[in-house]
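Just so we're clear, the structure is a prediction, and the values are computed from it rather than from any experiment. Every number for a ligand or one of its atoms is a count from 1 in the order of the listing. One is the number of the first residue; the rest follow in order along the sequence.
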Amino acid sequence: MNNQNNKNTKNNKNDDDNNNKKWKFGAVYIVAVLGVIMLFNYAKSSFYTKEVTYDEFLALLNNKQIEEVSIARDKITIDPKDGTVYGDKILYTANIGDKDLVTGLKSAGVKFSGPVASNPLLLEILITWVGPLLFFFLIGRLMFGRMGKKMGGGVMSFGKNTAKLYAENETGITFKDVAGQEEAKESLKEIVDFLHQPQKYTEIGAKLPKGALLVGPPGTGKTLLAKAVAGEAHVPFFSLSGSDFVEMFVGMGAARVRDLFKQAEEKAPCIIFIDEIDAIGKSRDNAMGSNDEREQTLNQLLAEMDGFDPTKGVVILGATNRPEILDKALLRPGRFDRRVIVDRPDLKGREDVLKVHAKDVKMEEDIDLTAVAKATPGAVGADLANIVNEAALRAVKQGRKLVNQEDLEESVEVILAGKEKRDRIMSDKEKRIVAFHEVGHALVAALLKNTDPVHKITIVPRTMGALGYTLQLPDEEKYLVSKEEMMDQITVMLGGRAAEEVEFNSISTGASNDIERATQTARNMVTIYGMTEEFDMMALESVSNRYLDGRPVQNCSAKTSARIDEVTLEIIKECHDKAKQLLKGNSNLLTTISEKLLEKETLLGDEFMSMVNESSEIPSESSDNTGKALE
Ligand code: ADP
């Protein structure tokens, strides 16, 4: 109770602060506008009018240089004839009560008049003051209204939140639209049930969950799942990104959190979805670069989560791909205490995602989505949705009404390596090097035992920088990789450079990406997977953000680190030698296949393998002892 009061007082205080800000801002604006109008009037009058002395006026009168005069109580306004020194300016002078003035004007034949009976003062005020004021006021409203909307609802309501902009009363998305992710759906079903019939839970005395955290790599369908929860439960869906809260004004984020919860409570039961919650939920004990605004926002969020009535049925779903940096307070029971993992889909999951998206696209009858799923290990839902869409675009481009298998295969490659770049002109010599390089990879892969089959070799350049590439696809989904397989993978990666050495006895820059990947794999063998005798099963690196790029962080001494480099180098040298040996032993085969590739530009897996199998040279690793020599 007390708490509630405190909170209300705090709210009121914040509203007062906001009102104060509003008034200050309004006052400054009005003063500025008045200043501008005064300046404008002054400039206008000094441009069109000029003050003269009374005797200058009399001189003009005597010289008959006056057209017309208007006599007011305190001022005489003079319109001189053309050709005077004053140009076409209107002159004025003080009315000093000269009794002979009218006689003088009459004798000079000047038209003269007095002030008009109606109230010109009022008109003048209207024109010179009220008009411009109104004008500026309108401009001000237009400008700040727009800016304010972006910032959250107009200048006059700084803290108002943009959540309502993303609110949907009915998302129309159900669990059926989310393919795979069965475990995640299972955990979320409970929340749906709770939103449907909260009394079932409250009757027995169970506390209802307030929040769940959806954790997983980008594009795995976290937002989609949150929408599906709202859709299944038929409740409104409020969605905001964590970064929406963090504003340039301190205190705004907190005000937004308050507004959001206020709105949500009005609409309860409902779902609040906060995407990228790490933007506000970052751990507060981070000494470097602490951020007042973010911390205030986080504190407010924690306070609101504690404060709202759990029986009302407001459920907060947060999404993040960096759970390890979240503040512990956010994860404690009663807040985001549930963690729902939304990981990359496996083979079956990928096929399901493809099926969901294929439903919206017209496809030929005999489409094999399993093949596409097999070709895309590591792809997330968003990638797969993109692949289906790319395929549809390609079909339209080629003037077809239905998507075929080739469209899908090509779009997988577009996602992997970029679009084909047929207009890049390479010299014959360079083409030859690329062909040998690619066949080097493929041949090493074919000759080793623990490798994935070659699916395609091509020397058509792609926009993402590859001059050619060799596509290997696994037969089945693998969750474990053996040491032998890793060694063979490295050997295949180094096979491109080895082929250049064997054939041309020179090397090129073409292997840079292979080198990078091979080194990383070798290093992981040493530091993460404990695959060397020297370091045994010691953890030398740990993966920091496993849902993003999974970059490892080293945790060993500088001396050990130097030794890691040496051991890594040993592995690379071993594999490099092995690749060279294999290709040397099969140099005729290397040349034949490379010539064929040069001629056809693309070789499919079957064509390639039949050439390998026909060859009289060593067909596979089992009959040579190169592999054993390395162990
Ligand atoms: P996240 O929030 O995890 O970054 P999203 O939910 O925004 O990812 O997913 C982006 C898009 O990818 C979705 O709109 C949907 O088209 C597609 N998608 C991702 N995962 C799935 C899935 N499991 N089933 C169907 N579509 C998916």
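- Between Leu224, Ile173, Thr320, it is Leu224 that holds the heavy atom closest to atom 13 (C) of ligand 1.
- Under a 3.5 Å cut-off, the side chain of Arg339 and the backbone N or O of Leu213 do not form any donor-acceptor pair.
- Pairs of residues two or more places apart, or lying in two chains, that qualify as side-chain hydrogen bond (donor to acceptor under 3.5 Å, both in side chains) and include a residue from residues 520-531 are Gln520-Asn524, Arg523-Asp565, Thr527-Glu541.
- Here's the thing with His357: one of its N/O atoms is less than 3.5 angstrom from an N/O atom of ligand 1.
- Near Gly219, the atoms of ligand 1 lying under 4.0 angstrom from a non-hydrogen atom of the residue are 1 (P), 3 (O), 4 (O), 8 (O), 19 (C), 20 (N).
- A donor atom on one side chain and an acceptor atom on the other are found under 3.5 Å apart for Glu304 and Gln300.
- In terms of protein heavy-atom proximity, atom 18 (N) of ligand 1 is nearest to Gly381 C, 3.7 Å.
- Within the structure, the closest approach of Val380 to ligand 1 does not fall below 4.0 Å when heavy atoms are considered.
- The distance from ligand 1 to the heavy atoms of Ala179 drops below 4.0 Å at these ligand atoms: 22 (C), 23 (N), 24 (N), 25 (C).
- The shortest N or O to N or O distance between Asp275 and ligand 1 is not below 3.5 Å.
- Side-chain contact between Leu188 and Phe175 is present, with heavy atoms from C-beta onward closer than 4.5 Å.
- Within the 4.0 Å heavy-atom cutoff, Lys227 does not count among the residues contacting ligand 1.
- Of all atoms in ligand 1, numbered sequentially from 1 with element shown, those under 4.0 Å from a heavy atom of Pro218 are 4 (O).
- Not one N or O of Ala385 is nearer than 3.5 Å to an N or O of ligand 1, by distance alone.
- Ion pairing of Lys189 with Asp193 is absent here, as no side-chain N (NZ or NE/NH1/NH2) approaches a carboxylate O to less than 4.0 Å.
- Residue Val178 approaches ligand 1 through these ligand atoms, each under 4.0 Å from one of its heavy atoms: 23 (N), 24 (N).
- Closest heavy-atom contact between Val361 and Val403: CG1-CG2, 3.6 Å.
- For the atom pair CG (Leu471) and CD (Glu438), the distance works out to 11.0 Å, reported to the nearest 0.5 Å.
- We find the NZ-OG distance between Lys185 and Ser187 to be 11.5 Å, quoted to the nearest 0.5 Å.
- For ligand 1, the atoms sitting less than 4.0 Å from at least one non-hydrogen atom of Asp177 are 24 (N), 25 (C), numbered in the order shown with element in parentheses.
- No salt bridge links Asp275 with Lys222; every basic N to acidic carboxylate O contact stays at or beyond 4.0 Å.
- When the heavy atoms of Val215, Thr223, Val353 are ranked by distance to atom 2 (O) of ligand 1, first place goes to Thr223.
- Residue, atom and distance of the protein heavy atom nearest to atom 12 (O) of ligand 1 are Ala382 CA, 3.2 Å.
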